[in-house]
There are 2 protein chains.
Amino acid sequence: MGKQTTEMLKGTLEGVVLAILAGRPAYGYEITAWLRDQGFSDIAEGTVYALLVRVEKRGLVDVAKVPSEKGPPRKVYSLNDQGREYLEEFWTAWRFLSERLEQLREGGR
Amino acid sequence: MGKQTTEMLKGTLEGVVLAILAGRPAYGYEITAWLRDQGFSDIAEGTVYALLVRVEKRGLVDVAKVPSEKGPPRKVYSLNDQGREYLEEFWTAWRFLSERLEQLREGGR
DNA sequence: CTCCGCTATTCAGTGTTACTATCTACCAGT
DNA sequence: ACTGGTAGATAGTAACACTGAATAGCGGAG
């Protein structure tokens, strides 16, 4: 996927995952699969699980254990109020950065 | 500036600085001042200098020592061919991420 | 002349984050 | 019993931005 993308994901991947959860509850394996589908080709499994543990500890998501037909029980995450608030801040920061970069890209030639 | 922005800068600040240098040569202090001016309110001095050392080591920039009227001599950085190539890759990665996020923001409501 | 403020750079130590690699665990089909 | 797909956890590593402090040169106030 390239080192550039990898480094860029630091700080944004969290927002990406929270944005997914804002749409609908989901579990780790599902999220990983979705990300790969979207072109984040080599997101490591462990990365998503670690991230989910982090956001859970910070109280941004609620967790429900749901038995699955295949394999061990799923941990289904859903965004709570605090998470939604945090996601809002994320979008604000993103817009800010996005605007500055757009400006630079145009000015740069 | 908020933790969100800080974390988001990982991997993008480098691109921002290279994009600045694509426009014109500049030295550390100047870049820091410009960033602060643009709203990156509390970019630490040390951060920019460390970043410049990194990109210099990777051979993305050329350096010239220029005596200044005030204070110690300036290290003026300018983007070289390798740096321009790297910056292109950065824009590619940025566009990719930007599109995914834009998609998520719209889909999320 | 000395001290302070501004310009300009450097560096050691810290915290957060994503990756690698590996492990456990459950189920279905062969 | 064995393999493959689903699902999650974890220890160790590398990269990066921040903190805080140090160094150094110059000009002006006292």
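This one's a predicted model, so the numbers in the text were calculated from it and none came from an experiment. Proteins get letters first, then strands, A, B, ... in listed order; numbering begins at 1 in each.
In this structure, CG of Leu13(A) is placed 5 Å from P of dA18(C), rounded to the nearest angstrom. Atom OH in Tyr29(B) sits roughly 5 Å away from atom C1' in dT7(C) (whole-Å rounding). To the nearest angstrom, C1' of dT10(C) lies 18 Å from CZ of Arg74(B).
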Taking N or O atoms only and anything under 3.5 Å, show me the protein contacts with nucleotides 28-30 of chain C, one pair per line.
none

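Out of dT17(C), dA8(C), dC19(C), the shortest distance to the side chain of Lys10(A) is found at dT17(C).
Identified under the side chain to side chain donor-acceptor pair (under 3.5 Å) test for residues 46-57 of chain A, with sequence neighbours left out: none. Every pair tested for ring-ring contact (aromatic ring centres under 6.0 Å, His included) that includes a residue from residues 15-38 of chain A fails, sequence neighbours excluded, so the list is empty.
Under the rule for a ring-ring contact (aromatic ring centres under 6.0 Å, His included), the partners of Phe96(A) that lie at least two apart in sequence or sit in another chain are Phe40(B). Listed by chain and number, the residues in a side-chain contact (heavy atoms from CB on, under 4.5 Å) with Glu7(A) are Lys3(A), Lys10(A) (sequence neighbours excluded). Listed by chain and number, the residues in a salt bridge (Lys or Arg N to Asp or Glu O under 4.0 Å) with Arg95(B) amount to none (sequence neighbours excluded). Not counting sequence neighbours, the partners of Ser68(A) by the side-chain contact (heavy atoms from CB on, under 4.5 Å) test are Arg74(A). Taking Lys75(B) as the reference, nothing meets the side chain to side chain donor-acceptor pair (under 3.5 Å) condition, with sequence neighbours excluded. Under the salt bridge (Lys or Arg N to Asp or Glu O under 4.0 Å) criterion, Glu85(A) pairs with no residue, sequence neighbours left out. Pro72(A) pairs by the side-chain contact (heavy atoms from CB on, under 4.5 Å) definition with nothing, not counting sequence neighbours.
The outermost nucleotides of DNA chain D lying under 4.0 Å from heavy atoms of chain B, listed 5' to 3', are dC16(D) to dC26(D).
No donor-acceptor distance shorter than 3.5 angstrom exists from the side chain of Asp62(A) to the backbone of Leu79(A), with no hydrogens or angles considered. The closest donor-acceptor contact from the side chain of Gln4(B) to the backbone of Tyr86(A) lies under 3.5 Å.
Using a 4.0 Å heavy-atom cutoff across all strands shown, Glu30(A) reaches no nucleic acid atom at all.
Contacts with DNA chain D (heavy atom under 4.0 Å) in residues 45-54 of chain A: Gly46(A), Tyr49(A), listed by number.
For Lys65(A) and Pro72(A), each mapped to the nucleotide of DNA chain D holding its nearest heavy atom, the one lying further toward the 5' end belongs to Pro72(A).
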